[in-house]
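In what follows, chains are A, B, ... by sequence order, proteins preceding strands, each numbered from 1. We use all heavy atoms of the structure for the numbers below, so side chains are in, but hydrogens, waters and symmetry mates are not.
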Amino acid sequence: MLESAHIFVLLGAFGGLSLIVCARMVFPRRLFFASYLNFTLLFFASIVVSAFASLAYGLWILAVVSFLAMREYLSLIDIRLQDRLGVFGAYLSIPFMYYFIHIDWYGMFIISIPVYAFLAVPLLVTLGGRESAGTVFSIGAIDFGLFLFVYCLGHIGYLLSYSIWMPMLLILSVAICDLIAELVVKRLSSVSTSFLGRLFLPLPLTIGLSWLLSDWAGIPLIHALILGTLIPPLAMMGQRTGNYIKADLGVSGDALFPGRGQILDNLKSFFFAAPVVFHYIRYFLK
Amino acid sequence: MNASVVSSMLRKVVHLFLLRPVLKLVFGVNIVGREHLDALDQCIIIANHNSHLDMLLLFHLLRSSKITMTHPVAEQVYFSRSRIIYAVVDFLFRPIWIVRGHPETGDPFGGIKNVLDQGHTIIVFPEGTRGKPGRLEHFKSGIGRLVSQYPALPIVPIFLSGPERSLPKTSFLLLPFWNHVIIGPPQTYQGSHRDITRFLEGILIGLSCSESARRHKRRKKKHHATASIAFLGIDGSGKSTVSRAIAEKASEDDSVCLISDRLVFYDRGHPRPMQPLVSDRLRILIGDRAKKADSLKSYKIPKLAELLLRDHLYHEVRRWYDPGLIVMDGSPLLNMAAWVALFENKSPGRSSLAKAIGIMAGQQRDITPTDPVFKEFPELIQFRRLRLDKLVMPELIVLIDVNPAVACRRIECRGAFRQVHETEDKLARLREAYRLVCAVVGEHLHVPVSIIDGEQALDDVAARALDFIHGVFPVNGGDDASTH
């Protein structure tokens, strides 16, 4: 059961974040990290809800995040009209995967997307129409989106079912990395200093955070410290991959409209960090 | 409170608290240029039409006070197919119902004028119907006629992108995709209704281009990797000159190969040195022999060989150099078809000629040797036996049509050796044959054909040919949101 300190920290962080988001709505000036806060708030909401209400509701909030990300990605890519059946299948696999997390069926969760969805989508794409040109691209594009936005993000959900402080550790560490990356990229011009800055500047903060949270999350200190060291490079890998995807999809960093790369931009750091952190914890601690 | 007030309040509630949140949360709406619409009290909204969601999306843009004062123009017959749908649409949007094709009902704009005179706003889809998904169709002239009667009323052009993916015309499966709405600045325009229609179409095309420029596009194959254009015409029509000019011009965008008396590659408007091909050398030798022939009989065989080699050259060029465009001065397939008419001294029926051309191009392998077409053209049997029935059918044909007398004069001016068939009488028959072949190919085999008058200046001929080519192969990929 939650101790009063836990409740205090949780509600304090959630309330503070909500206040900032509300302030943004009242004063619609472009604030620093504009839409990033919304997604951090959604993650926090899922943690708070699963702490006070039930895990199921928290998972459904994460499913909504996956849906929003998937919808944005599918709207960005150039799909053919006959791929719509495949897209339907991709949307449909979101509730299924989160349901498997909910009933704690690990084996099915881990293969639901890479085996069943990845087989169903190609079939559905071919059932959608008679035109064969472009099939490989369509299957690849839909499956890839499913992998990043549903499967990789879904690992946060499974982490949530272990303990609410594990995803908290992940989300806060990634937020620190993103914040520093944002600050560093604007100030450092040279590639190598920017690289080193993004890699090493978050390290003390993430290690400190994991040391603080290790007890609550039930992670032995040594593993917590390793995780704290692991997250910044993983977040960087995600950022790099995300930036390349963004560039190919024609999303420019300075003009992120809703529905045009905003979500992809905000979630890119989780692509590597979420699955790797989850599997680290599962392998060593469960 | 009477019934109409209640129903309009109910309509407002449904729009504000049911449809808008659903549209926003499930589909996502991104609006650019909202201030263009908010500032206006009354206007005519025009938008592209791809999906039934378009109407919902346009109502999403309105200020809440305007919901009951805005009316789309809709065709009654289409929505009357189901009584429930008719009732729902009528309740939600209060459309101005239009009945098409009944001129006896009076002024077709009567209903629209009533509404506009009350100070209400109308929504018009000038394309008339939901066209092919993602493509802007030509506007119907109705919008021009309407606007010309209200010259002071601002017209707000709106481009919608997204509904054509969420709910395209061909599908009932509703899927969530982001909708992007671009609201252009309000326009007023005075002039003839044709000008107004064209003007508004141009504005919507502009909006669609700015939208599609930001869209991700999967890399296309070079869309004209196999593109081939053949220039036909009798000797002295100037087809060699024109085809060279076209090759030079087209090479500014892509690499071009010209198969004429000589094989030339063009890159950025200039000839480019290439490794010579053996079959080209052979063809030149044989071609020179044909030109020096002193009777039609001794002309026939070398010319046939030259044509076959020319066709072979097309495949060689594609295999070794893969140019973006192949411009052919003459087409072996169609030249042969025309020569049949010249030598046979009779005019074959159109459908059998189409069949014969199809056989020579290898498109109709399922025709058995007992078919009557083989009786009419006995050469085809030999042709098939020698496995020559794989001649290239050009994707585009330009026939430069010249009066034989003019052609003869041009040949005389050239001063070169005159070939055996270059007499006015023979050229006249050849011209007729070319025209017949082109008509047959265009009609029965669906290849775009343009017949250009060759008696004007050759620059003009080339310009018109280029217009035609760009009409069929747009310069930068033709599958953008607009195809104009």
CG/B:Leu175 to CD1/A:Ile79 distance, rounded to the nearest 0.5 angstrom?
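Atom-to-atom, B:Leu175:CG and A:Ile79:CD1 are 8.0 Å apart.
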If the contact rule is any heavy atom under 4.5 Å from chain B, which residues of residues 87-100 of chain A qualify, in numerical order?
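The stretch touches chain B at A:Val87, A:Phe88, A:Tyr91.
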May I ask you to check whether over 12 heavy atoms, not counting those of [X], lie within 6.0 Å of atom [atom1]?
X        : atom1 : value
A:His102 : NE2   : no
A:Arg240 : CZ    : no
B:Ile84  : CD1   : no

Assert top hit (heavy-atom pairs under 4.5 Å, partner chain A, pool B:Leu173, B:Val32, B:Leu25) equals B:Leu173
Picking from B:Ser161, B:Gly162, B:Pro168, B:Ser171, which has the most non-hydrogen pairs under 4.5 angstrom with chain A?
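The option with the most such pairs is B:Pro168.
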Backbone N/O of [Y] and side chain of [X]: donor-acceptor pair under 3.5 Å:
X        : Y        : result
B:Arg165 : A:Ser75  : yes
A:Arg71  : B:Val26  : yes
A:Arg84  : B:Ser166 : yes

Filtered by a 4.5 Å non-hydrogen cutoff, the part of residues 176-185 of chain B contacting chain A is B:Pro176, B:Phe177, B:Trp178, B:His180
Pair up each side-chain donor or acceptor in residues 121-129 of chain A with any protein partner under 3.5 Å, not counting sequence neighbours, and list the distances.
residue	atom	partner	partner atom	Å
A:Thr126	OG1	A:Pro122	O	3.4
A:Thr126	OG1	A:Leu123	O	2.6

Pairing residues for B:Phe139 by the ring pair (Phe, Tyr, Trp, His ring centres under 6.0 Å) criterion, not counting sequence neighbours
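For B:Phe139 there are no ring pair (Phe, Tyr, Trp, His ring centres under 6.0 Å) partners, ignoring immediate neighbours.
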Give, as side chain, backbone, both or neither, the part of A:Leu76 having an atom under 4.5 angstrom from any heavy atom of chain B.
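Backbone only.
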